[in-house]
Amino acid sequence: MDNLLWVFISALLVNNFVLTYFLGLCPFLGVSSSLETSARLGLATTFVMLVTAVCAWILNTYVLIHAPYLRLICFIVVIASTVQFIEMLIKKLSPALFRAMGIFLPLITTNCAILGLAIFATNRGYGFWEGIVYALGAGAGFTLAMVLLAGLREESELSNIPALIKGTAMNLIIAGILSMAFMGFAGLFSTT
Amino acid sequence: MKKNESYEEFIKGIWRDNPVFVQVLGMCPMLAVTNSAINAIAMGMATFFVLVGSSFLVSSFRNVIPKQVRISCFIIIIATFVTIADYTLLALVPKVHKELGAFIPLIVANCLILGRQEAFASRYPTKLAVMDALGMSGGFLLALFSLGAVREILGDGALFGVKLFGENFEPWVIMILPPGGFLTLGVILLFFNWFKFKKDEFLEDVAAAERGSD
């Protein structure tokens with residue numbers, strides 16, 4: 001139980017996917033212009049991460065033992081088709097949720113945080129429950145980073161900023177400062 | 001004429017449409033592996049190989065691949081090349097491979113590569129597609145190297161592991177840690193913005209002068 005809690009906290013704060021591993025930067029910089037959309041994208045991503053973690057565990061345990069060199073191709077195909085499948089399922093079951101997630105679901109396929117999650121979980125040899133908790137932590141961490149940046153960006157819209165720095169340059173510098181703040185969490189662990 | 005056309009495709013990726021500095025694509029590997037110049041170059045070479053190889057294949061098969069499943073086909077082609085690059089690096093330079101870790105397989109999810117297949121390679125003849133891929137990955141390599149070199153010089157006082165400043169240099173450790181990546185790229189983009197601003201101003205001045213003399 002203790003172990004699972006540490007896996008969660010580690011993925012959420014100490015090894016935050018966006019701010020220390022640089023994964024999923026495209027949506028982080030691209031879609032974080034408003035608080036609401038970034039929260040939604042974060043939720044959708046967390047959901048896909050959960051499903052991916054389960055699929056990756058099944059693949060690793062039953063299929064890829066026999067052919068490790070096919071790992072990458074298997075993962076990417078499974079992720080792409082899972083996203084497609086979830087999209088259709090949500091469309092049928094809950095049109096309201098589908099509209100809320102909108103364009104974000106298909107975009108998630110090319111989010112490297114998802115593939116990164118599958119690869120990291122495999123490299124560290126996580127079991128079934130550890131994998132699920134890891135996915136939850138990573139998703140929550142991604143959402144947290146998105147929401148933080150979106151809040152700061154909304155605030156900066158109202159301030160007086162030199163035209164030169166506006167846009168991606170400023171977002172990157174904000175992200176750098178956020179990342180510095182997250183480094184403070186590194187002291188939570190004596191071992192990683 | 002033909003030669004000019006392919007030269008044009010090649011040069012636009014390196015400077016005018018530089019994938020990192022202008023289009024802001026492929027950020028994840030860009031920031032994650034540029035804590036030293038040598039890692040940056042290894043990553044750039046791997047991306048170079050994958051992009052050129054998959055552009056060549058995609059554009060050769062562009063009339064065979066059905067429209068509806070093209071994205072899946074692109075991804076499988078890219079993943080194949082990435083697997084080749086992964087195992088080649090593991091065999092040739094195991095130390096660098098260990099440092100790059102999970103970021104070699106993650107080349108698959110680099111939006112730069114999929115973007116070039118979708119926007120260029122699947123529409124143009126093989127020769128142009130390969131030139132475009134060469135230019136884009138050249139530009140990517142250039143961006144990776146400049147970021148990696150800046151971060152290694154500031155954060156470690158060295159370039160390619162050779163100490164530059166002697167004993168008294170106090171390394172600016174934050175530059176090789178994650179925040180340094182964001183900050184360095186932010187400052188470089190700022191410089192590009194400034195350059196563009198100055199250029200626009202200059203062009204306006206020229207236009208105004210021409211109007212004045214008429």
Side-chain angles (χ1 to χ4, degrees), chain A residues 15-30 69-77 79-81 84 106-107 109-124 162-183 186, chain B residues 21-34 69 71-72 74-87 101-115 118 174-175 177-194 196-198:
Chain A
N15 294 318
N16 186 290
F17 261 47
V18 179
L19 294 172
T20 44
Y21 282 151
F22 301 112
L23 292 172
L25 283 177
C26 301
F28 179 65
L29 295 171
Y69 52 87
L70 282 180
R71 203 177 75 181
L72 191 56
I73 299 181
C74 268
F75 277 173
I76 194 85
V77 170
I79 291 172
S81 41
Q84 199 102 61
L107 270 184
T109 319
T110 55
N111 185 338
C112 45
I114 312 278
L115 185 63
L117 175 95
I119 291 173
F120 282 138
T122 313
N123 286 352
R124 294 177 192 176
L164 189 62
I165 197 177
K166 266 196 180 151
T168 318
M170 187 187 67
N171 297 339
L172 278 169
I173 291 173
I174 293 181
I177 296 170
L178 272 181
S179 165
M180 255 186 239
F182 268 71
M183 272 176 65
Chain B
F21 295 143
V22 181
Q23 303 182 50
V24 201
L25 287 176
M27 304 295 281
C28 311
M30 177 76 207
L31 290 169
V33 301
T34 52
V69 291
I71 299 283
S72 329
F74 297 166
I75 288 193
I76 292 176
I77 290 177
I78 297 171
T80 314
F81 277 104
V82 174
T83 311
I84 298 174
D86 191 16
Y87 279 80
F103 285 96
I104 296 280
L106 280 174
I107 298 178
V108 176
N110 187 336
C111 34
L112 165 67
I113 295 178
L114 190 61
E118 170 73 6
I174 198 89
M175 294 315 278
L177 293 174
F182 284 115
L183 293 177
T184 315
L185 188 58
V187 171
I188 292 181
L189 284 182
L190 197 62
F191 173 73
F192 263 69
N193 275 356
W194 177 77
K196 210 165 138 262
F197 249 61
K198 283 286 163 200

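Heavy-atom basis, side chains included; hydrogens, waters and symmetry copies ignored. Below, read A as the first sequence line, B as the second, and so on, with proteins coming before strands; counting in each chain starts at 1.
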Next item on the list: Name all pairs fulfilling the side-chain hydrogen bond (donor to acceptor under 3.5 Å, both in side chains) condition that reach into residues 24-34 of chain B, sequence neighbours left out, sorted by first residue then second.
Entry: B:T34-B:R151
Checking [X] against chain B: side chain, backbone, both or neither under 4.5 Å from a heavy atom?
| X | result |
| --- | --- |
| A:L19 | both |
| A:M170 | neither |
| A:L115 | both |

Contact origin within [X] toward chain A - heavy atom pairs under 4.5 Å:
| X | value |
| --- | --- |
| B:I174 | side chain |
| B:F191 | neither |
| B:L177 | side chain |
| B:T184 | neither |
| B:Y87 | side chain |

Margin query: For a side-chain contact (heavy atoms from CB on, under 4.5 Å) check, start with the C-alpha distance between A:I173 and B:L183, then their side-chain angles and the critical distance, and finish with the verdict.
Written below: CA-CA 5 Å; A:I173 291 173; B:L183 293 177; 4.1 Å; yes
Next item on the list: Step by step, work out the side-chain contact (heavy atoms from CB on, under 4.5 Å) result for A:L23 and A:F120.
Entry: CA-CA 12 Å; A:L23 292 172; A:F120 282 138; 3.6 Å; yes
Margin query: Counting heavy-atom pairs under 4.5 Å with chain B, which one of A:A113, A:A169, A:G116 comes out on top?
Written below: A:A169
Note to self: Any heavy-atom pair between the side chains of A:L117 and A:F17 that's under 4.5 Å?
What the structure shows: yes
Note to self: Just so I know, are the side chains of A:F28 and A:L25 near enough to count as touching, which here means a heavy-atom distance under 4.5 Å?
What the structure shows: yes
Next item on the list: Under the side-chain contact (heavy atoms from CB on, under 4.5 Å) rule, what do A:F75 and A:L72 come out as? Steps first, then yes or no, please.
Entry: CA-CA 5 Å; A:F75 277 173; A:L72 191 56; 5.6 Å; no
Next item on the list: With side-chain contact (heavy atoms from CB on, under 4.5 Å) as the test, would you mind laying out the steps for A:F182 and A:V18 before giving the verdict?
Entry: CA-CA 11 Å; A:F182 268 71; A:V18 179; over 6 Å; no
